[in-house]
Amino acid sequence: MRIENIITGAVKRFFLEKEFHLSDISVVQLQKTRREFKGDITLVLFPFVRLMKKSPDEVGHELGLYLSGLPEIKSYNVIKGFLNLEIQHSYWTGFVAEAAADDQYGQKNKQDKRETVLVEFSSPNTNKPLHLGHIRNNLLGYSISLILEANGMNVKKVNLVNDRGIHICKTMLAWQKWGENKSPADEGVKGDHFVGDMYVKFEKAYRSEVDELVKTGMSEEEARGEAPLIKEAREMLRKWEADDPATIELWKQMNGWVYEGFDITYRRLGVSFDQIYYESETYHTGKTIVEEGLKKSVLKKKEDGSVWADLRDRGLDEKLLLRSDGTSVYITQDLGTAVLRHKDYNADKMYYVVGNEQDYHFKVLSIILDELGFDWADSLEHISYGMVELPSGKMKSREGKVVDADNIIDEMIETAGKLSDELGKLEGISEGERKEIVENIAMGALKYFILKVDPKKNMVFNPEESIDFNGNTGPFIQYTHARICSLLKKSAQQGVLPANYDLSGITLSDKEKRVASLLHEFPIVVHEAGNSCSPALIANLIYDLAKEYNQFYHDHPVIREEDLSLRNFRLHLTLLTGNVISKGMGLLGIEVPEKM
RNA sequence: GGUUCCGUAGCUCAGCUGGAUAGAGCAACAGCCUUCUAAGCUGUGGGUCCCAGGUUCGAAUCCUGGCGGAAUCACCA
């Protein structure tokens with residue numbers, strides 16, 4: 001049993017015996033003892049002071065004495081309102097030996113009746129390449145999927161591709177006008193970038209048309225609607241919705257180019273999906289649902305033919321679901337997608353990893369599904385994450401103020417390679433292996449940089465200062481792992497680890513205990529990370545662990561330790577730390593090399 | 001303007017279900033490689049936890065009100 005549960009149970013027994021009524025188990029507050037005091041776990045006494053009507057000091061000593069009766073408690077001390085408990089070293093050595101032998105440590109066993117959960121993430125538009133914001137989305141979604149899986153759930157990763165709409169038509173039109181009938185292969189560029197360039201060309205030309213019109217005295221808003229290019233794009237959208245063969249063919253070709261490009265980026269990011277939904281397929285379902293809602297009079301049609309959901313009695317406004325010309329809007333297809341997914345998977349939970357700019361959208365989506373009578377409407381959960389900002393503010397595609405995903409990946413790899421060479425780290429290994437390690441380090445740096453931040457918060461990325469490889473970074477943790485691998489390899493060469501050793505005769509240093517204690521927390525943190533959908537919790541723990549282990553490594557000999565029991569304990573500690581780092585980083589989607 | 005989120009060291013971030021003297025990294029400076037990988041370790045300096053009230057034995061954490069920033073409230077996605 002875990003020590004927290006042992007202590008909590010004993011505290012409850014104490015009060016039961018004394019015939020005091022503990023109103024709520026949460027009054028048993030345990031925390032890690034601060035470094036400056038002696039002990040491992042601290043019980044906060046204040047909640048009991050009132051109950052027992054005694055001074056904190058008296059309460060502390062009575063409880064301390066009682067808890068000392070536990071075989072796991074070595075000693076106690078009371079400082080102010082805190083009871084510091086020192087745990088028997090054999091508890092830690094026993095824990096380390098047991099956990100080191102468990103290759104599933106930190107993972108919840110898969111149960112027969114598992115909850116099925118859907119995680120939607122990525123959800124790109126097919127008119128431009130991915131940027132740093134999308135990277136955050138993809139990494140979060142993928143990592144959260146892994147974490148939920150580690151918590152015993154049956155996870156399905158889904159992607160919803162935004163492959164239709166006016167923005168797609170803009171790229172098609174631009175290609176017809178200025179593409180010179182060329183393909184990405186002709187130009188030697190990735191398909192998504194090729195199409196993205198078309199989009200930029202369109203926006204530029206459109207902008208100057210609008211400017212011209214404004215000069216003639218037209219209002220900005222009117223000019224935006226009257227510019228010849230936008231009219232042409234609209235006409236193309238109309239043709240697309242009417243299944244015009246030539247338009248559909250062009251659409252398929254250009255989207256195909258984009259997908260080829262996305263596939264490369266996804267592969268480099270190491271993310272994958274179990275199923276891909278396409279908006280061009282799901283929006284039909286959305287329309288059908290809206291028609292049904294209209295029949296049931298849950299929704300209403302205005303004189304101009306547009307369809308609305310009236311959410312004013314829910315404290316919100318009216319929401320448009322179909323335009324007056326009958327075409328669908330964003331939320332229409334999201335309604336359809338949700339229904340389709342529920343049909344496909346009957347999931348207990350449907351998570352949407354989408355930026356916090358869409359908080360309102362998802363609030364409305366849930367409510368409308370509920371109004372339409374879907375009893376699973378409350379199974380939707382928006383995992384809302386903050387924006388990635390530049391030092392100058394938010395990224396803006398239209399102003400070219402973006403950090404391109406492929407670009408940043410290339411730069412990271414280049415920097416990692418350069419650094420490896422400078423440090424002479426990868427001498428004497430094959431070119432293929434070198435490439436793999438350098439990529440792992442580069443991606444480790446990028447992924448950790450993004451995932452260590454609380455998802456809810458906006459974060460700042462400064463392109464001028466490239467991502468670090470020292471300190472609180474992915475490579476720092478990877479390096480610790482590589483060191484551990486190297487050490488274990490050497491120890492294996494010198495003799496095998498015995499199965500048993502005397503666990504009780506070992507005296508641990510503070511650093512050894514701290515490492516053990518962090519390892520001890522791992523399963524709890526995996527659980528919390530799953531509950532709160534926050535990979536950052538895992539990132540923070542693994543960093544603390546790596547840092548603590550490095551200090552241990554610096555101060556304590558492992559292989560060279562002459563006391564056999566101690567040596568074996570340290571080897572186990574090392575082995576378990578390596579496992580936990582590897583497992584924890586794995587949950588972030590980060591690979592840990594065996595050497596670097 | 002309404003609603004929501006955010007404000008912690010020069011910079012990037014932890015800590016937030018209330019607990020002891022608020023922590024890391026980067027940047028700056030000073031040290032440590034004949035010994036298990038120095039992408040490491042050690043030390044120094046750096047704080048009005050935006051402000052003001054309130055609740056409490058105890059507030060960076062909870063509540064109220066300001067100030068500052070962001071998002072959203074589209075027949076855009």
Side-chain angles (χ1 to χ4, degrees), chain A residues 26 29 31 33-34 36-37 42 44-47 49-50 56 79-82 84 123 125 127 162 164-167 279 302 304-308 315-317 319-331 333-334 355-361 363-364 384 386-387 389 391 393-394 416 419-420 422-423 425 441 445 449 452-454 456-462 465 467-480 482-491 494 536-537 539-540 543-544 546-547 549-561 570-571 574 595-596:
Chain A
S26 72
Q29 290 179 53
Q31 56 190 260
T33 303
R34 292 182 68 106
E36 55 267 40
F37 304 111
T42 294
V44 183
L45 296 170
F46 298 105
V49 168
R50 196 172 298 167
I79 298 174
K80 292 191 198 169
F82 300 90
N84 301 318
S123 312
N125 291 349
N127 66 329
N162 225 295
R164 49 150 249 131
I166 190 77
H167 50 297
E279 188 191 328
K302 292 194 175 174
D304 62 2
S306 57
V307 179
W308 298 76
L316 302 170
D317 213 335
K319 183 76 183 173
L320 177 87
L321 298 180
L322 285 179
R323 296 190 186 96
S324 48
D325 64 2
T327 58
S328 66
V329 291
Y330 183 50
I331 199 157
Q333 66 79 21
D334 250 348
N356 61 14
E357 54 197 349
Q358 293 190 30
D359 285 354
Y360 181 75
H361 172 80
K363 199 172 167 185
V364 170
S384 166
M387 301 289 99
E389 290 170 359
K394 204 191 163 187
L419 198 57
S420 295
E422 271 171 29
L423 295 169
K425 288 284 182 183
I441 295 168
F449 178 85
K452 75 172 176 182
V453 180
D454 180 349
K456 290 199 302 283
K457 291 193 176 176
N458 288 359
M459 61 179 295
V460 176
F461 173 75
N462 189 347
E465 304 166 13
I467 294 172
D468 275 313
F469 290 76
N470 302 315
N472 187 356
T473 67
F476 168 86
I477 297 165
Q478 290 172 317
Y479 175 73
T480 308
R483 252 179 169 181
I484 285 172
C485 288
S486 163
L487 196 157
L488 291 173
K489 204 167 133 197
K490 285 214 165 114
S491 96
Q494 293 176 20
L537 299 181
N540 289 331
Y543 169 67
D544 287 341
K547 189 167 171 52
Y549 181 84
N550 277 331
Q551 291 170 18
F552 156 81
Y553 177 93
H554 183 265
D555 293 350
H556 301 293
V558 179
I559 299 173
R560 296 191 318 266
E561 173 57 47
R570 287 181 184 163
L571 279 168
T574 299
K595 54 184 154 185
M596 64 183 275

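This is a predicted model, so every value here is computed, not measured. By convention in this document, chain letters (A, B, ...) are assigned in the order of the sequence lines, proteins followed by strands, and residues within each chain are numbered from 1.
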Check whether any side-chain N or O of [X] sits under 4.0 Å from OP1 or OP2 of [N], and answer yes or no.
X        : N     : answer
A/Arg560 : B/C36 : no
A/Arg323 : B/A74 : no
A/Arg50  : B/C57 : yes
A/Asn356 : B/A70 : no
A/Lys457 : B/A70 : no
A/Arg483 : B/A38 : yes

How many whole angstroms separate atom [atom1] of [X] from atom [atom2] of [N]?
X        : N     : atom1 : atom2 : answer
A/Lys547 : B/A14 : NZ    : P     : 18 Å
A/Ile467 : B/C26 : CD1   : C1'   : 13 Å
A/Glu465 : B/G10 : CD    : P     : 15 Å
A/Leu537 : B/G15 : CG    : P     : 7 Å
A/Gln31  : B/C16 : CD    : P     : 11 Å
A/Gln29  : B/U17 : CD    : C1'   : 10 Å
A/Gln478 : B/U37 : CD    : C1'   : 14 Å

Regarding A/Val329, tell me which of base, sugar-phosphate or nothing describes its non-hydrogen contacts under 4.0 Å with the strands shown.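 The residue A/Val329 makes sugar-phosphate contact but no base contact.
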So, do [X] and [N] meet the stacking rule of ring centres under 5.5 Å and planes under 30°?
X        : N     : result
A/Tyr553 : B/G40 : no
A/Phe46  : B/G58 : no
A/Phe82  : B/G19 : no

In whole Å, what separates the [atom1] atom of [N] from that of [M]?
N     : M     : atom1 : answer
B/G18 : B/G31 : P     : 47 Å
B/G25 : B/U42 : P     : 8 Å
B/U44 : B/G7  : C1'   : 29 Å
B/C26 : B/C41 : P     : 9 Å
B/C49 : B/A14 : C1'   : 13 Å

Across all strands, who's sitting opposite [N] as a Watson-Crick or G-U wobble pair, both distances under 3.5 Å?
N     : answer
B/U72 : B/G2
B/C57 : B/G19
B/C33 : none
B/C26 : B/G10

State, yes or no, whether a side-chain contact exists between A/Ser324 and A/Lys302 at a heavy-atom distance under 4.5 Å.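 No; the side chains remain at least 4.5 Å from each other.
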Kindly indicate whether the side chain of A/Asn84 and the base of B/A20 share any N or O donor-acceptor pair separated by less than 3.5 Å?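 Flag set: donor-acceptor pair detected.
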Minimum heavy-atom separation for A/Phe461 and A/Pro391, please, with both atom names.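 Answer, listing the atom of A/Phe461 first, then A/Pro391: O-CD, 3.2 Å.
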A/Met387 backbone acceptor or donor facing A/Asn458 side chain under 3.5 Å: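 Answer holds: yes.
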About how many Å separate CG of A/Leu423 and CE of A/Met596, when rounded to the nearest 0.5 Å?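 Answer rounded to 0.5 Å: 9.0 Å.
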Does A/Ile331 or A/Glu357 map to a spot on RNA chain B nearer the 5' end, using the closest nucleotide for each?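 Per heavy-atom nearest nucleotide, the more 5' residue is A/Glu357.
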Starting at the 5' end of RNA chain B and moving along, which residue's nearest nucleotide shows up first, A/Gly165 or A/Met387?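 Counting from the 5' end, the first nearest nucleotide belongs to A/Met387.
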Nucleotide nearest A/Asn540 when distance is taken to its side chain, options B/A24, B/C36, B/A14: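 For the A/Asn540 side chain, the nearest candidate turns out to be B/A14.
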Just by distance, with hydrogens left out, do A/Thr574 and A/Tyr553 show a side-chain donor and acceptor under 3.5 Å apart?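 No pair is found: no donor N or O on one side chain lies under 3.5 Å from an acceptor on the other.
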